[in-house]
Amino acid sequence: MANRYLNVDTIDAIRQRVGSGREPFASAWNRLLADAKSGLDQPPISITQNGGSPYFRQDAVYVPGRDGEFNPDSNIKSRSLATKAGKVALDLALAWRFTGEARFADKALEQIHAWCLNQNTFMMPTGRVFDSYALGMGYGGDIVLFVSFFDLFTAEYLLADYSGWNLPTRAAVKRWTRAMIDPQRPLMFYQGVEMYNNWEDARLLYLATGALLLDDLDLLLEVFARWRQILPMKMTDAGELPRETMRTRSMHYTLFALDSTIQVAEIARQCGVDLYNCNINGRCIKKAADYAAHYLLHMDQWPHKMIEPLTDERGHLGLFELAYSQWPEQQYLDVLAAHGGRSATGKHATLLFARD
């Protein structure tokens with residue numbers, strides 16, 4: 001049952017704001033509804049649409065030895081398919097929770113079952129990127145898997161109490177998700193050093209969204225404890241994330257890391273745990289959000305390398321809606337206004353998390 005994150009009371013409060021016609025809630029709702037209605041026409045998406053294999057296979061995204069430069073020869077279709085399936089399922093699941101219309105839930109389940117259960121289309125739940133797709137090319141690494149399944153896991157969680165989802169099928173999806181989650185519980189290491197950059201941020205969000213569906217409170221607590229542990233390790237006193245700013249697409253990776261981090265903090269908040277205001281020797285997530293916000297409003301002053309102009313194709317700037325919900329400072333709204341507006345935020349952040 002979706003009784004922790006985005007629970008019934010939370011959805012009711014959002015529904016009331018939408019019903020009042022106030023902005024930005026009305027526009028944000030219209031966007032979700034349009035996306036969900038489009039999802040009703042989406043045929044089931046399957047991992048097997050990438051060459052027929054049931055395994056999540058992906059090549060390295062970048063040209064070897066050239067950080068941030070996309071390799072046009074890489075097969076990245078597994079990620080694209082999983083991301084699209086997750087977005088469609090999440091749009092539909094949210095629409096069901098807001099409207100109660102079974103057509104949205106049934107269509108979301110069609111997507112989920114095509115990915116998780118149906119014999120001819122499902123993905124083998126290894127919990128890892130299986131290998132590279134192209135012979136001789138490096139594989140994409142498990143972070144590719146993490147970012148592909150945030151939305152699908154959340155959609156499964158939101159549908160968990162849908163009366164039209166029978167118990168055996170629901171249990172089977174949970175087993176599939178458990179098989180995806182368990183291999184990623186141990187800490188990740190790179191060249192003998194534990195990870196605490198955006199890979200770890202993404203792993204924690206992957207585990208947290210899976211734990212919601214599984215109602216695995218021990219895993220949620222593990223995630224929250226690890227979040228606290230790495231907070232002071234990954235940032236400077238000024239709020240910079242040096243593991244991200246050293247990259248060639250430095251602002252992109254800063255936003256990716258912050259987005260994952262703040263989404264975990266929001267899940268924790270709705271579970272009664274305050275990570276937003278966690279402060280370790282002066283280092284806190286607000287300081288990192290402030291650092292990024294300042295430069296997003298003054299990108300000509302950004303002191304780090306950017307080999308291409310900043311875009312928000314993955315919707316990471318929605319993190320500033322979450323930041324504003326906690327610390328209602330004008331700079332966060334200014335960032336959103338400067339980069340597409342509030343109703344355009346990724347993951348429907350304005351609809352779900354905006355302040356009154």
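This is a predicted model, so every value here is computed, not measured. Atoms considered below: every heavy atom in the structure, side chains included; atoms not considered: hydrogens, waters and symmetry mates.
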Side-chain donor-acceptor pair under 3.5 Å between [X] and [Y], yes or no?
X      : Y      : result
Thr177 : Glu156 : yes
Ser20  : Arg22  : yes
Glu244 : Asn197 : no
Asn166 : Thr169 : yes
Asp151 : Thr154 : no
Tyr332 : Asp290 : yes

Subject >> From Glu23, Arg342, Glu321, Arg31, residue fulfilling side-chain hydrogen bond (donor to acceptor under 3.5 Å, both in side chains) relative to Thr350 >> reply: Glu321
How many angstroms lie between [atom1] in [X] and [atom2] in [Y], if you round to the nearest 0.5 Å?
X      : Y      : atom1 : atom2 : result
Thr83  : Leu152 : OG1   : CG    : 10.0 Å
Lys287 : Leu231 : NZ    : CG    : 10.5 Å
Asp201 : Thr261 : CG    : OG1   : 3.5 Å
Phe25  : Gln16  : CZ    : CD    : 12.0 Å

[X] and [Y] ion-paired at < 4.0 Å:
X      : Y      : answer
Asp274 : Arg269 : no
Glu200 : Arg226 : yes
Asp259 : Lys347 : no

Looking at [X] and [Y], what are the two nearest heavy atoms and their distance?
X      : Y      : value
Ser74  : Val61  : OG-O, 4.1 Å
Ala265 : Tyr276 : O-CE1, 3.8 Å
Ile76  : Asp59  : CG2-O, 4.3 Å
Phe149 : Ala82  : CZ-CB, 4.0 Å
Pro43  : Gln111 : O-NE2, 3.2 Å
Leu159 : Ala93  : CG-CB, 3.9 Å

Subject >> Phe98 six-ring centre to Arg15 NZ/CZ under 6.0 Å and within 45° of normal >> reply: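 Not satisfied by the 6.0 Å and 45° rule.
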Return the orientation label for the [X] and [Y] ring planes: parallel under 30°, perpendicular over 60°, tilted otherwise.
X      : Y      : result
Tyr5   : Phe353 : tilted
His113 : Trp165 : tilted
Trp302 : Tyr295 : perpendicular

Subject >> Test of ring centre spacing under 6.0 Å for Phe122 and Trp115 >> reply: no
**OP:** With sequence neighbours left out, write down each residue that passes side chain to side chain contact (heavy atoms under 4.5 Å, CB included) with Tyr139, or none if nothing qualifies.
**Re:** Val129, Ser132, Asp142
Only pairs under 3.5 Å count here: list side-chain donor-acceptor contacts from residues 304-311, not counting sequence neighbours, and write none if there are none.
| residue | atom | partner | partner atom | Å |
| --- | --- | --- | --- | --- |
| His304 | NE2 | Tyr291 | OH | 3.1 |
| Glu308 | OE2 | Arg249 | NE | 2.9 |
| Glu308 | OE2 | Arg249 | NH2 | 3.0 |
| Thr311 | OG1 | Glu313 | OE1 | 2.4 |

Original post:
How far apart are the C-alpha atoms of Arg185 and Asp216, what are their side-chain angles, what is the distance that settles it, and do they pass the salt bridge (Lys or Arg N to Asp or Glu O under 4.0 Å) test?
Top reply: CA-CA 12 Å; Arg185 291 183 75 155; Asp216 188 335; 3.5 Å; yes
Subject >> Single-linkage hydrophobic cluster Ile267~Leu217, side-chain heavy atoms < 4.5 angstrom >> reply: yes
